[in-house]
Amino acid sequence: MIQKCLGLILTTFFLLTTIAHAEENVDIDQEKITLYKQIEALTFIPWYYLAAINRYETNISDNKTPEDQRIFISIPEEKWYGLTPEQKPADEKIVALFGGIGKDGNGDNIADPTNEYDILYTMAMYLQQYGHTKQDIRTALWNYYHRELTVLSIMNYANMFDTYQKISLDETAFPIPKGYNYSYRNTWGDARGFGGRRIHEGTDIFAGYGTPVRASTYGVIELKGWNRFGGWRIGIRDIYNRYHYYAHLNGFADGLEIGDIVEAGQTIGSVGSSGYGPPGTSGKFPPHLHYGLYKDDGKSEWSFDPYPHLKRWERK
């Protein structure tokens with residue numbers, strides 16, 4: 001009886017803690033959206049572009065920041081101040097005189113690169129130079145970051161934030177639905193021989209032909225089609241700069257196209273044994289899903305072990 005009571009107490013505590021944490025996240029999200037919309041009202045740059053830039057910059061930050069920090073956009077000093085002799089917060093007219101982009105967003109006449117209102121206003125005014133259309137924003141981002149994957153990621157984040165009118169899309173799902181037989185173990189880093197000596201950049205989940213394959217998170221389809229290693233494969237990037245790679249598929253779900261948003265748990269294809277040859281090659285190995293995870297830090301992208309994530313999602 002004591003054990004049952006203790007278990008009930010612990011369960012109740014866990015649920016209340018989880019609810020409180022979720023509510024806290026909602027409050028922080030709403031604060032951020034309110035801040036973005038305040039800058040939108042001043043500049044007419046849609047709030048979801050500012051949210052997407054901040055999400056991207058958060059992803060590539062070192063995370064050694066105060067817990068209450070809301071804005072992670074870090075504008076380089078050479079951009080902010082230009083050739084201003086003393087690179088410290090100054091009147092925005094002086095900063096502009098020396099070619100800096102720093103602006104005053106909170107009305108104190110000082111362009112401060114540590115003030116969240118000034119940072120967002122400065123970024124929005126930079127985008128505004130190029131216009132307000134989607135293509136204008138894309139051009140502005142290219143001229144700011146000079147990296148296509150960064151531009152693509154930010155534009156996709158903005159699309160998701162606009163579609164769902166929220167900035168937290170954290171739901172997850174195990175790639176194989178409940179009720180289907182499957183098995184897997186940690187195979188990341190194992191040797192592979194086809195196509196030359198290389199390592200296995202993922203986890204193989206063995207299941208029968210035609211078993212549904214689901215998106216593990218919210219994201220946007222970046223890639224879809226054939227690859228001689230992965231066969232029929234699809235690549236989806238989430239809002240945390242993680243690229244989810246699903247390979248050796250038997251086929252894709254109807255209607256999916258590059259650029260589409262998918263939701264956690266949505267069927268995107270089915271298990272097969274495609275690959276290791278020209279388009280249509282199949283049956284060179286048992287049917288399974290190759291699931292890979294890659295992380296982008298703003299400079300390069302690398303594979304990391306998906307097994308711990310799969311185990312966590314499987315327990316949900």
Side-chain angles (χ1 to χ4, degrees), residues 18 21-22 24-33 35-36 47-74 123 141 145 147-175 188 201-203 213-223 233-246 258-266 268 291-316:
T18 302
H21 181 68
E24 180 182 352
N25 285 342
V26 169
D27 291 341
I28 294 174
D29 285 355
Q30 192 53 55
E31 287 179 8
K32 289 180 180 179
I33 291 174
L35 183 56
Y36 301 141
W47 71 270
Y48 41 84
Y49 288 116
L50 300 174
I53 294 170
N54 191 52
R55 177 69 263 168
Y56 179 82
E57 296 261 358
T58 303
N59 292 339
I60 64 174
S61 73
D62 59 13
N63 293 320
K64 296 177 181 177
T65 51
E67 291 184 2
D68 61 348
Q69 182 170 340
R70 298 185 295 184
I71 303 303
F72 286 80
I73 298 171
S74 179
M123 180 57 72
L141 292 172
Y145 288 103
R147 185 169 183 258
E148 185 56 37
L149 180 55
T150 296
V151 175
L152 177 63
S153 297
I154 292 173
M155 295 299 290
N156 284 340
Y157 299 167
N159 185 19
M160 287 191 280
F161 295 156
D162 182 31
T163 298
Y164 295 104
Q165 291 294 299
K166 61 180 183 178
I167 57 176
S168 287
L169 299 167
D170 298 329
E171 292 86 347
T172 58
F174 190 73
W188 187 82
E201 296 183 347
T203 293
V213 171
R214 307 188 300 175
S216 53
T217 63
Y218 280 78
V220 174
I221 299 174
E222 273 190 17
L223 174 149
R233 85 283 195 243
I234 190 166
I236 298 168
R237 192 173 303 275
D238 66 22
I239 64 170
Y240 298 105
N241 282 16
R242 296 177 305 193
Y243 180 76
H244 304 252
Y245 181 70
Y246 308 79
I258 292 175
D260 287 351
I261 295 173
V262 296
E263 300 183 356
Q266 178 180 337
I268 58 174
Y291 178 76
L293 272 177
Y294 297 79
K295 179 69 173 178
D296 172 46
D297 66 357
K299 298 177 182 178
S300 59
E301 189 172 56
W302 68 92
S303 168
F304 66 97
D305 187 0
Y307 185 78
H309 288 76
L310 290 169
K311 295 300 289 186
R312 185 163 62 251
W313 298 335
E314 184 182 31
R315 289 193 295 265
K316 289 184 58 177

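Side chains are part of it too, since the values below use all heavy atoms of this structure and drop only hydrogens, waters and symmetry mates. If you're wondering where the values come from, they're calculated on a predicted model, not measured in any experiment. One-based numbering along the sequence shown.
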If I compare all heavy atoms of [X] with all of [Y], which pair ends up nearest, and what's the gap?
X: Y243; Y: G235; value: OH-CA, 3.2 Å
X: S300; Y: D296; value: O-OD1, 3.1 Å
X: S74; Y: E57; value: N-OE1, 3.5 Å
X: W313; Y: A173; value: CE3-O, 3.9 Å

Tell me every residue that passes ring-ring contact (aromatic ring centres under 6.0 Å, His included) with Y294, counting only those two or more places apart in sequence or in another chain.
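Once residues adjacent in sequence are excluded, Y294 has no partner under the ring-ring contact (aromatic ring centres under 6.0 Å, His included) criterion.
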Taking ring-ring contact (aromatic ring centres under 6.0 Å, His included) as the definition, give me every residue that meets it alongside F161, ordered by chain and number, with sequence neighbours left out.
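With sequence neighbours excluded, F161 shows a ring-ring contact (aromatic ring centres under 6.0 Å, His included) to no residue whatsoever.
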How many angstroms lie between atom [atom1] of [X] and atom [atom2] of [Y], to the nearest 0.5 angstrom?
X: I236; Y: Q266; atom1: CD1; atom2: CD; value: 8.0 Å
X: K295; Y: W302; atom1: NZ; atom2: CH2; value: 7.0 Å
X: I239; Y: D170; atom1: CD1; atom2: CG; value: 6.0 Å
X: D297; Y: N59; atom1: CG; atom2: CG; value: 11.0 Å
X: L35; Y: I71; atom1: CG; atom2: CD1; value: 5.0 Å
X: I258; Y: L223; atom1: CD1; atom2: CG; value: 6.0 Å

Backbone N or O of [Y] within a donor-acceptor pair of the [X] side chain at under 3.5 Å?
X: N54; Y: R70; value: yes
X: R55; Y: Y240; value: no
X: Y246; Y: A215; value: no

Identify each donor-acceptor pair in which a side-chain atom of residues 148-155 lies under 3.5 Å from a protein atom, sequence neighbours left out, and give them as a table.
from: T150; atom 1: OG1; to: Y56; atom 2: OH; distance (Å): 2.7
from: T150; atom 1: OG1; to: R147; atom 2: NH1; distance (Å): 3.0
from: S153; atom 1: OG; to: L149; atom 2: O; distance (Å): 2.9

Side-chain donor-acceptor pair under 3.5 Å between S303 and Y245, yes or no?
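On atom types as modelled, these side chains do not qualify, holding no pair under 3.5 Å.
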Just by distance, with hydrogens left out, do D162 and Y49 show a side-chain donor and acceptor under 3.5 Å apart?
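No, because no side-chain N or O of D162 sits under 3.5 Å from a partner of the opposite role on Y49.
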Who passes salt bridge (charged side-chain N to carboxylate O under 4.0 Å, His left out) against E222, sequence neighbours left out?
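E222: salt bridge (charged side-chain N to carboxylate O under 4.0 Å, His left out) contacts with R237.
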Suppose we screen for side-chain contact (heavy atoms from CB on, under 4.5 Å). Which residues come up paired with V220, at least two apart in sequence or across chains?
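Expected list: N156, M160, I261.
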Pair up each side-chain donor or acceptor in residues 304-312 with any protein partner under 3.5 Å, not counting sequence neighbours, and list the distances.
from: D305; atom 1: OD1; to: Y307; atom 2: N; distance (Å): 3.0
from: D305; atom 1: OD2; to: N186; atom 2: ND2; distance (Å): 3.0

So L141 and I53, do their side chains get closer than 4.5 Å, heavy atoms only?
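In short, these two side chains touch, coming nearer than 4.5 Å.
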Does the side chain of E171 reach to within under 4.5 Å of the side chain of Y218, using non-hydrogen atoms?
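When only atoms from C-beta onward are counted, Y218 and E171 do touch, with a gap below 4.5 Å.
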Pair K32, W47 - check side chain to side chain contact (heavy atoms under 4.5 Å, CB included), show working.
CA-CA 10 Å; K32 289 180 180 179; W47 71 270; over 6 Å; no
